There are 2 protein chains.
Amino acid sequence: MSNRAPRTPSHQVREEVIRAAIEILDTNGPDGFTVRAVADVAGVASMAIYNHFEGMNGLLDALWKEGFDGFASALGTTTGNARSDLMSAGLNYRRYALSHRGLYTVMFLHTFKHFKASAEGDYAAAKAFQVLENLVRNGQREKLIRAGNSIDLAQLVWSTCHGFVALELKGENFSTNTDENYDALLLMLFEGLRA
Amino acid sequence: MSNRAPRTPSHQVREEVIRAAIEILDTNGPDGFTVRAVADVAGVASMAIYNHFEGMNGLLDALWKEGFDGFASALGTTTGNARSDLMSAGLNYRRYALSHRGLYTVMFLHTFKHFKASAEGDYAAAKAFQVLENLVRNGQREKLIRAGNSIDLAQLVWSTCHGFVALELKGENFSTNTDENYDALLLMLFEGLRA
DNA sequence: CTTCCAATAGAACACTGTCCTATAGTTATA
DNA sequence: TATAACTATAGGACAGTGTTCTATTGGAAG
């Protein structure tokens, strides 16, 4: 007879590992995020992380890519109205970050040991940024945002949203009514960038 | 005869350790930041970090406090003119962060394993935030900033500056002329918050 | 039914934070 | 000055890290 743990079908291992990794990061942050812990939660042998990814680094890169792809989707829900698209992008930025703490941690909040995003990872990040830049350009076309380098302006939007969310997730938020204050941040942003 | 390393005088050990810790964080970030590495760079036995601090956590807490104290000083250079005080606080925010990468990393950018700031650490952070809040209040008194909860408004200022700096230090800056774009960020901020 | 891929268990390595012990340099006190 | 108290040092130990290697065996394809 066999004492072995039941074998996870090959085609499920990868997604199980990613699901477990996100679960750990969502719940505990980077602290308990180890190869062995991820494998345990996934119900999979540690070696799976080396066979299906390239170790911890490869797993992080997969999370990075998944994170930025989802981020681009969350920001890019266009309705045609430039103003509401910009506003909802701002709101969705925070919404995505709060509902995907783990992925946002990998993308923006934590420096994982030895981790460096791959070329595809950088590309995914650049594509997410491009979504934002397009929104800015649409806003400029509609005279909602002032003229100027759209990359620079998009960077300002990104910085502003990220700063708020980063401090909120780190617990460095001294504001009491955080939701309303984020609305105020977005209004401030559009007021400060208007044509 | 003795093969031992020369002994560091007691009253110098603490500052040597802190100096070494900052040096490592400034140069390599959190990656090579280990008890043994800090001790080596400081020219001190590893045990010093346990005798003079409470291990790695205590060292991080000391850096946290030093960082926020310096931060408060950097932001709080008041000249009497509310407008220029606000503007220079914004500029000094980034200047401090860039010239104290290591401390800024401890304060805002990295989640160190098991680290939780002490009560005194939190107090130092709150005091630094208060400096910002006072600047906002002065701005409100001078009708440079709109009425409203000064804590919430200060949080917006902090978020905005932090977001830009965090992305810049993380290398997620797509803008070309970063210095000018930060100036634009501050102008956007004051435009968006004006009375 | 046989073959072959891959998921498993388990050991091993260097490196991490942490703690313990023993030694010896430094300082303070008698 | 001589003794005592303090503390910086060396070095080992432990449980966890990421990583790699081996051997076994479940399960799917032929």
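For the numbers below, each heavy atom of this structure counts, side chains included, while hydrogens, waters and symmetry mates do not. All values reported here derive from a predicted model rather than from experimental measurement. So that the names make sense, note that chain A is the first sequence line, chain B the second, and so on, each numbered from 1.
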| task | Quick one: which residue pairs count as a salt bridge (Lys or Arg N to Asp or Glu O under 4.0 Å) with a foot in residues 27-40 of chain B, not counting sequence neighbours? | result |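 Of all non-adjacent pairs touching residues 27-40 of chain B, none passes salt bridge (Lys or Arg N to Asp or Glu O under 4.0 Å).
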
| task | Return each pair, listed once, that meets salt bridge (Lys or Arg N to Asp or Glu O under 4.0 Å) where at least one residue sits in residues 135-154 of chain A; pairs must be two or more places apart or across chains. | result |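 Found A:E133-A:R137.
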
| Who passes side-chain contact (heavy atoms from CB on, under 4.5 Å) against B:S73, sequence neighbours left out? |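 Residues passing side-chain contact (heavy atoms from CB on, under 4.5 Å) with B:S73: none at all.
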
| said: For DNA chain D, which residues of residues 108-122 of chain A approach it to below 4.0 angstrom with any heavy atom? | reply: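 DNA chain D contact set from residues 108-122 of chain A: none.
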
Run the salt bridge (charged side-chain N to carboxylate O under 4.0 Å, His left out) test against [X] and tell me which residues pass, sequence neighbours left out.
X	value
A:D122	A:K116
B:K127	none
B:K113	none
B:R194	A:E191, B:E191

| query | Can you tell me how far P of D:dT19 sits from CZ of A:F53, to the nearest Å? | reply |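 Between P of D:dT19 and CZ of A:F53: 13 Å.
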
| query | Can you pull the side chain to side chain donor-acceptor pair (under 3.5 Å) pairs that have at least one residue in residues 93-103 of chain A, sequence neighbours excluded? | reply |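 Those involving residues 93-103 of chain A are A:N92-A:R95, A:Y93-A:Y104, A:Y93-A:W158, A:R94-A:E168, A:R94-A:D179.
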
| message | Between A:M47 and B:V44, which residue's closest nucleotide on DNA chain D lies nearer the 5′ terminus? | response |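 Whichever sits nearer the 5' end wins; that is B:V44.
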
Protein and nucleotides 5-7 of chain D: nitrogen or oxygen contacts under 3.5 angstrom:
residue, atom, partner, partner atom, Å
D:dT7, O2, B:R7, NH2, 2.7

| Selection from D:dT19, C:dT8, D:dT9 that lies nearest to any side-chain heavy atom of B:A45 |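 Taking heavy atoms from C-beta onward, the closest nucleotide is D:dT9.
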
| query | For residues 14-38 of chain A, which residues have at least one heavy atom under 4.0 Å from DNA chain C? | reply |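 Nucleic-acid contacts, sorted: A:R36.
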
| field | Partners passing ring pair (Phe, Tyr, Trp, His ring centres under 6.0 Å) against B:F115 (at least two apart in sequence or in another chain) | value |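 Listed in chain order: B:W64.
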
| With respect to the phosphate group of C:dT8, does any side-chain polar atom (N or O) of A:T8 fall under 4.0 Å of OP1 or OP2? |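 Yes, such a contact exists.
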
| task | Could you tell me whether the side chains of A:D85 and A:T78 share a donor-acceptor contact shorter than 3.5 Å? | result |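 No, because no side-chain N or O of A:D85 sits under 3.5 Å from a partner of the opposite role on A:T78.
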
